[in-house]
Q: 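Below you will find the structure I want to go over with you.
A note on names: the letters A, B, ... follow the listed sequences, proteins ahead of strands, and every chain is numbered from 1.
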Amino acid sequence: MILFSRFRPAMDAPSIDALLSELTPPQRDAVQHIDGPMLILAGPGSGKTRVVTHRIAYLLAQDIADWQIAALTFTNKAADEMRLRLDKLAPGQKVWMGTFHRFCAQLLRRYATMVGLQENYSIYDTSDSKQAMKRAIEAAGVSTTHATPDQIANVISKAKNQLVTAEVMQSQARSPKEVVAAKVYPVYQRQLLTANAVDFDDLLLHVANLLRHSSELRSELDQRFRYIMVDEYQDTNLAQYAIVRALSIDCPNLSVTGDPDQSIYGWRGADLNNILDFEKDYPSVKTVRLEQNYRSTPNVLRVADQLIRHNRRRKQKNLFTDNNEGDPVILRLFENGFEEADSIADEIVSAISTDVARPSDFAIFCRMNSLTRSLEHALRGRGVPYQIINGVEFYQRKEIKDVLAYLHLINNPAHDVALARVINTPTRGIGAKTLERLQSFADANRIPVLEAARRADEIESLAKRSVTMVQKFVAIYDRIAAKATAPLEELMRFLVQETKYDQFLKKNSSDSDDASPLANVDELITAAVDFDHRHPDDGSLEAFLEQVALVSDTDAFEENDERVTLMTLHASKGLEFPRVFIVGVEDDLLPHKRSKEDDAQFEEERRLLFVGITRAKEWLQLSCCKRRMIRGEPRPVVASPFLNELPLEEMVRVESSVPRNWLDDDIDQRRPDEWDLPEIQINDHATNTDSFGDDSFDFGANQDEGFDSIDEQTKESAATFGSAIDMAKRVTPDKETIANIGVLKTAADMVSDNRPPLTAFREGTLVRHYDYGEGTILAVSGRGPKRMARVQFADGEHNFRLAFAKLEVVR
DNA sequence: CAGGTAACCTTTTTT
DNA sequence: AGGTTACCTG
């Protein structure tokens with residue numbers, strides 16, 4: 001587990017001349033800018049980090065004190081990278097570098113009391129705040145029929161990112177969801193305050209409010225951080241905007257770098273206007289454009305450029321490079337996701353074994369974390385070392401969350417979410433009912449739940465037995481809390497024993513599982529010890545918990561490891577790899593189905609692909625499938641409309657492992673139903689749905705042919721191959737735009753359209769269920785998507801929601 | 001109240 | 001496919 005920055009060797013700083021001599025004229029221009037606002041529009045691979053680090057070194061060389069400079073990034077990894085590189089230019093400097101959230105977390109430690117918190121406040125992670133949200137919804141007494149807890153949480157999160165307070169929201173709420181959220185918001189916020197906790201959004205919100213309401217503090221901090229640099233400015237939201245703005249009034253030496261074409265966090269409140277309007281916000285701004293690309297081949301760059309030109313809302317850029325032409329970009333079509341994974345893994349194996357490349361040269365990007373599964377399997381099966389930068393990570397594991405929850409509760413006895421987690425873990429006879437009663441007592445008295453537990457004997461609704469159990473828990477808690485200031489390792493080992501958590505784990509995990517939870521706990525302890533050593537001066541427990549709360553998945557990335565890297569497109573931003581695969585470039589996946597509601601989201605998806613493409617230095621393959629497992633079911637899928645926007649004529653287009661050419665010259669003579677293409681399903685979905693069984697058979701048959709023959713075949717004929725996209729054009733010859741393709745129904749839609757109309761299900765209808773067999777409908781009720789049917793099967797009655805149930809009409 | 005099993009629902013991306 | 005909840009039994 002990689003939590004912390006790497007060891008840094010000390011070196012002599014280069015002279016100013018040496019510093020500047022390494023730069024191109026536009027880069028030098030930016031580096032030598034000292035006072036006043038600056039906007040650096042930096043295309044991908046244009047040496048942005050180089051400019052930022054050199055500029056900081058330059059500022060330091062002008063005798064500007066290191067503590068007056070702060071560099072804000074979005075990920076810890078970006079900050080680490082920057083620090084590492086700056087240290088080579090300016091050894092031993094103490095410039096503040098880190099994420100926005102960490103910056104705010106540290107300010108908030110100091111000024112906690114000004115927003116009603118104590119300095120040992122806790123940071124709720126996403127799942128913590130989700131738990132807290134559920135409790136707030138219950139306490140607020142609102143009905144969740146029109147908005148799920150998740151949706152409510154989203155609305156509130158969005159509001160916070162827009163600096164909308166609970167009071168303001170109450171007056172502004174319009175849609176039913178907003179009305180519900182507006183009722184929950186103040187309750188949630190009050191519970192957070194009682195718990196002495198903040199969520200991620202609050203870190204920014206509280207600081208923004210501090211700066212807004214205390215002009216004294218604002219000007220003090222403005223003076224303190226005279227030079228502020230913000231990386232990835234296109235991803236800032238309003239709260240972040242307000243914070244840097246407030247810190248750049250008396251000392252407007254704000255320098256931001258970014259690329260509107262790489263803005264991919266709109267869904268979490270990032271506002272593209274922040275960068276697009278920067279020149280309006282700071283009229284005296286100096287703008288520098290870095291357009292030369294030092295990373296990619298012209299082949300890669302042209303593909304990226306062609307794609308991004310389709311976005312309407314952007315600043316035109318001219319990307320260019322002096323690099324060698326390199327290999328053409330490959331577009332590859334596979335039968336299904338397994339084949340895609342196998343092919344990629346084979347290709348990597350072959351490149352490694354022939355010494356063409358090393359594992360760390362490769363990266364595989366996908367839109368969703370779940371897509372890494374089959375890739376992981378394929379790589380593992382071939383013994384290829386890999387690292388996954390994804391969500392199923394260490395800190396999400398139950399045993400880790402449990403131990404951390406104990407630590408949280410020790411650090412902050414008001415941490416209600418942690419208490420709810422551990423009060424009955426391991427089980428000690430305190431059930432859901434008991435907890436609920438403790439919580440409502442706590443709510444009624446506006447005290448933390450642990451405090452309520454201490455006063456359990458005052459709670460009338462509690463059974464005597466329960467009171468005893470709760471008191472026992474409090475006693476255990478007090479015993480471990482007494483060790484709060486002990487070294488982390490001692491504290492953690494003690495708590496695991498004292499709570500009998502180790503025994504609990506042993507008992508529950510004895511069944512076969514290879515990944516041992518106890519080993520994970522040990523790993524956590526190791527990480528804590530590691531932290532202790534690196535941060536001897538910080539108050540260890542609190543600092544450790546903050547560190548853990550603010551690490552992200554992408555921070556685990558280790559570029560020095562000899563491994564293939566698997567990650568989402570989002571996580572890939574800021575990185576580069578010699579050889580890149582982008583998988584699942586399919587409609588409804590990239591662009592994602594839920595991003596199609598408006599143009600802004602659609603363009604963001606295009607930028608996402610742009611980001612992925614521009615990570616590649618010398619070699620790039622995009623791939624899509626005809627079928628893919630979605631939620632455990634194989635479903636037909638269609639190529640992404642974005643593929644249509646690429647310079648296909650200069651790319652190599654390959655279909656893998658289908659023995660015959662699926663795009664021969666005589667293509668037009670074939671009848672549409674012979675075309676073996678996803679698009680065919682538009683014309684003839686019935687054939688396609690019927691052929692699922694056959695497909696899996698085909699898959700097996702293809703494997704028998706071996707990969708060599710596939711490779712030969714594909715390489716040979718690659719140049720003459722067309723693509724699924726060309727086919728799409730032929731199907732709709734007059735219109736080749738995305739918009740049009742977007743309007744076409746996807747094959748997947750066609751399949752679900754195959755479902756019988758809801759009116760086909762009536763009382764007495766004979767139906768078949770894939771599990772229960774045949775049955776008769778006893779009664780139907782409700783309307784629309786909520787329409788229910790009660791069905792009598794041989795083994796009993798079952799209720800179904802007709803819109804979703806896997807029911808066929810027999811008669 | 002705990003622990004197991006079965007139904008059910010969910011799926012984008014992350015600090 | 002995987003995680004979570006609901007319900008049943010001990």
Side-chain angles (χ1 to χ4, degrees), chain A residues 72-79 98-105 123-127 129-130 134 148-150 154 157 160-161 198-205 232 235-237 239-240 263-270 337 365-371 373-374 389-393 396 398 424-435 463 465-466 469 507-508 546 548-555 567-573 584 588-596 601 604-605 607-609 611-612 629-634 769 771-772 795-796 798-801 804-806:
Chain A
L72 300 172
T73 62
F74 276 79
T75 63
N76 295 297
K77 193 194 70 59
T99 63
F100 261 103
H101 286 84
R102 193 180 298 281
F103 182 77
C104 292
I123 301 170
Y124 277 7
D125 69 17
T126 312
S127 79
S129 50
K130 209 168 143 189
K134 281 186 190 158
T148 66
D150 270 341
N154 271 335
S157 170
K160 287 183 174 181
N161 287 329
V198 300
D199 62 22
F200 284 136
D201 302 317
D202 283 340
L203 285 172
L204 305 174
L205 181 66
E232 310 281 13
D235 287 330
T236 50
N237 59 34
Q240 289 161 330
S263 157
I264 54 175
Y265 286 104
W267 50 273
R268 121 185 157 187
F365 303 150
C366 51
R367 179 66 233 269
M368 288 191 295
N369 278 308
S370 58
L371 292 186
R373 266 170 215 294
S374 49
I389 314 302
N390 79 351
V392 197
E393 40 100 54
Q396 308 266 346
K398 272 177 236 55
N424 200 31
T425 315
T427 48
R428 34 177 93 88
I430 303 173
K433 270 276 167 309
T434 305
L435 177 60
R465 209 175 93 92
S466 304
M469 299 292 197
K507 205 168 52 184
N508 283 298
E546 179 178 309
V548 168
L550 296 178
V551 289
S552 68
D553 301 341
T554 50
D555 298 329
M567 59 169 74
T568 62
L569 286 160
H570 282 89
S572 78
K573 195 163 70 158
D588 287 350
L589 196 53
L590 179 67
H592 193 271
K593 196 170 199 164
R594 287 177 48 177
S595 308
K596 291 182 166 177
Q601 287 183 48
E604 181 158 311
E605 296 287 303
R607 290 193 292 268
L608 194 51
L609 182 55
V611 165
M629 290 290 253
I630 295 168
R631 269 179 246 143
E633 262 186 289
H769 185 267
D771 259 356
Y772 305 125
D795 60 339
H798 290 275
N799 282 304
F800 297 97
R801 268 175 76 172
F804 307 114
K806 293 168 188 168

Q: Under 4.0 Å, counting only non-hydrogen atoms across every strand here, what does D235(A) touch: a base, just sugar-phosphate, or nothing?
A: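 Nothing: the residue D235(A), judged by heavy atoms under 4.0 Å, touches no strand.
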Q: To the side chain of D150(A), which of dT5(C), dT14(B), dT11(B) is closest?
A: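 The answer is dT11(B), which lies nearest to the side chain.
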Q: Compare the minimum distances between each of dT11(B), dT15(B), dC1(B) and the side chain of R465(A), then state the nucleotide with the smallest one.
A: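 Out of dT11(B), dT15(B), dC1(B), the nucleotide with an atom closest to R465(A)'s side chain is dC1(B).
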Q: Closest to the T427(A) side chain: dC1(B), dG3(B), dT13(B)?
A: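 Comparing dC1(B), dG3(B), dT13(B) against the side chain of T427(A), the answer is dG3(B).
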Q: As a quick check of understanding, evaluate side chain to side chain donor-acceptor pair (under 3.5 Å) for D150(A) and T148(A), giving each step before the final call.
A: CA-CA 5 Å; D150(A) 270 341; T148(A) 66; 5.3 Å; no
Q: Give one of base, sugar-phosphate or nothing for T434(A), where a contact means two heavy atoms less than 4.0 Å apart.
A: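 T434(A): backbone/sugar contact only, no base atoms under 4.0 Å.
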Q: How many whole angstroms separate atom CG of D588(A) from atom C1' of dT13(B)?
A: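 It is 16 Å, rounded to the nearest whole Å.
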Q: Using a 4.0 Å heavy-atom cut-off across all strands, classify F74(A) as base, sugar-phosphate, or nothing.
A: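 Contact class for F74(A): sugar-phosphate only.
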Q: So if I take every side-chain heavy atom of M368(A) and compare against dT13(B), dT14(B), dT5(C), which nucleotide ends up nearest?
A: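 Shortest atom-to-atom distance from the side chain points to dT13(B).
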Q: Charged N to carboxylate O under 4.0 angstrom, K160(A) versus D199(A)?
A: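 Looking at K160(A) and D199(A), the cut-off is met.
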Q: Are the side chain of Q240(A) and the backbone of N237(A) linked by a donor-acceptor contact shorter than 3.5 Å?
A: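 Indeed, once roles are kept as given, a pair shorter than 3.5 Å links the two residues.
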Q: Identify whether any heavy atom of K134(A) sits under 4.0 Å from a base atom; if not, whether one sits that close to sugar-phosphate; answer base, sugar-phosphate or nothing.
A: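 Here K134(A) touches the backbone only, sparing every base.
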Q: Using atom NZ of K130(A) as one end and atom P of dC9(B) as the other, report the distance to the nearest whole Å.
A: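 Whole-Å distance recorded here is 15 Å.
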Q: Mapping G429(A) and H101(A) to their closest nucleotides on DNA chain B, which lands nearer the 5' end?
A: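 Mapping each residue to its closest nucleotide by heavy atoms, the 5'-most match is G429(A).
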Q: Quantified in whole Å, what is the C1' atom distance between nucleotide dT11(B) and nucleotide dA6(C)?
A: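 Result for the C1' pair: 22 Å, nearest Å.
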Q: To the nearest angstrom, how far is K77(A) atom NZ from dT14(B) atom P?
A: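 Value for this atom pair: 14 Å.
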Q: Could you state the CG-P distance from L371(A) to dG2(C), rounded to the nearest angstrom?
A: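 Taking CG of L371(A) and P of dG2(C), I get 14 Å after rounding.
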Q: Within this structure, what is the NZ-to-P distance between K593(A) and dT11(B), rounded to whole angstrom?
A: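 Rounded to the whole Å, the gap is 14 Å.
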Q: So, S129(A) side chain and T126(A) main chain: donor-acceptor pair closer than 3.5 Å or not?
A: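 Side chain of S129(A) to backbone of T126(A): a pair is present.
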Q: Starting the side chain at C-beta, find the nucleotide from dT15(B), dC1(B), dG2(C) nearest to R268(A).
A: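 Per side-chain heavy atoms of R268(A), the pick is dT15(B).
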Q: Of all the nucleotides listed (dT5(C), dT15(B), dG3(B)), which has the minimum atom distance to the side chain of T126(A)?
A: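 The listed nucleotide nearest to T126(A)'s side chain is dT15(B).
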Q: Tell me whether W267(A) and dT13(B) count as stacked here, given that the ring centres must be under 5.5 Å apart and the planes must differ by less than 30 degrees.
A: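 Base of dT13(B): stacked against W267(A).
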Q: Kindly say if N237(A) contacts the phosphate of dT15(B), meaning a side-chain N or O under 4.0 Å from OP1 or OP2.
A: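 Answer is no, no contact under 4.0 Å.
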Q: To the side chain of S466(A), which of dC1(B), dA2(B), dT14(B) is closest?
A: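 Looking only at side-chain atoms, S466(A) lies closest to dC1(B).
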Q: Heavy atoms, side chains only, cut-off 4.5 Å: are Q601(A) and H592(A) in contact?
A: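 Counting from C-beta outward, Q601(A) and H592(A) never come under 4.5 Å.
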Q: Is the distance from OP1 or OP2 of dT14(B) to the nearest side-chain N or O of N369(A) less than 4.0 Å?
A: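 N369(A) to dT14(B) OP1/OP2: side-chain N or O found under 4.0 Å.
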Q: Ion pair present between E605(A) and K596(A), side-chain N to carboxylate O less than 4.0 angstrom?
A: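 Judged by the 4.0 Å cut-off on N to carboxylate O distance, E605(A) and K596(A) do not form a salt bridge.
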Q: So if I take every side-chain heavy atom of T99(A) and compare against dT15(B), dC1(B), dT11(B), which nucleotide ends up nearest?
A: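 My answer, after comparing the listed nucleotides, is dT15(B).
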Q: Which whole-number value in Å describes the distance from R373(A) CZ to dG2(C) C1'?
A: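 So the two atoms are 7 Å apart, to the nearest Å.
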Q: Base, sugar-phosphate, or nothing: which does L204(A) touch, judged by heavy atoms less than 4.0 Å apart?
A: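 No contact at all - L204(A) keeps every heavy atom at 4.0 Å or more from the nucleic acid.
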Q: If you only use heavy atoms from C-beta on, which nucleotide in dT15(B), dC1(B), dT13(B) is closest to the side chain of H570(A)?
A: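 Looking only at heavy atoms from C-beta outward on H570(A), the closest nucleotide is dT13(B).
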Q: Looking at L204(A), is its backbone amide N or carbonyl O close enough to the side chain of H101(A) to form a donor-acceptor pair, meaning the two atoms are under 3.5 Å apart?
A: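 Side chain of H101(A) to backbone of L204(A), a donor-acceptor pair under 3.5 Å: no, none is there.
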Q: In terms of the nearest nucleotide of DNA chain B, which residue is placed more toward the 5' end: S595(A) or A432(A)?
A: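 Per heavy-atom nearest nucleotide, the more 5' residue is A432(A).
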Q: For the pair made of NZ in K398(A) and P in dG3(C), what is the distance, rounded to whole Å?
A: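 After rounding, the reported distance stands at 7 Å.
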Q: From the set dT15(B), dA2(B), dT13(B), return the single nucleotide nearest to any side-chain atom of T568(A).
A: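 Nearest listed nucleotide: dT13(B).
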Q: Write down the distance between CD (Q240(A)) and P (dT14(B)), rounded to a whole number of angstrom.
A: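 Atom CD in Q240(A) sits about 16 Å away from atom P in dT14(B).
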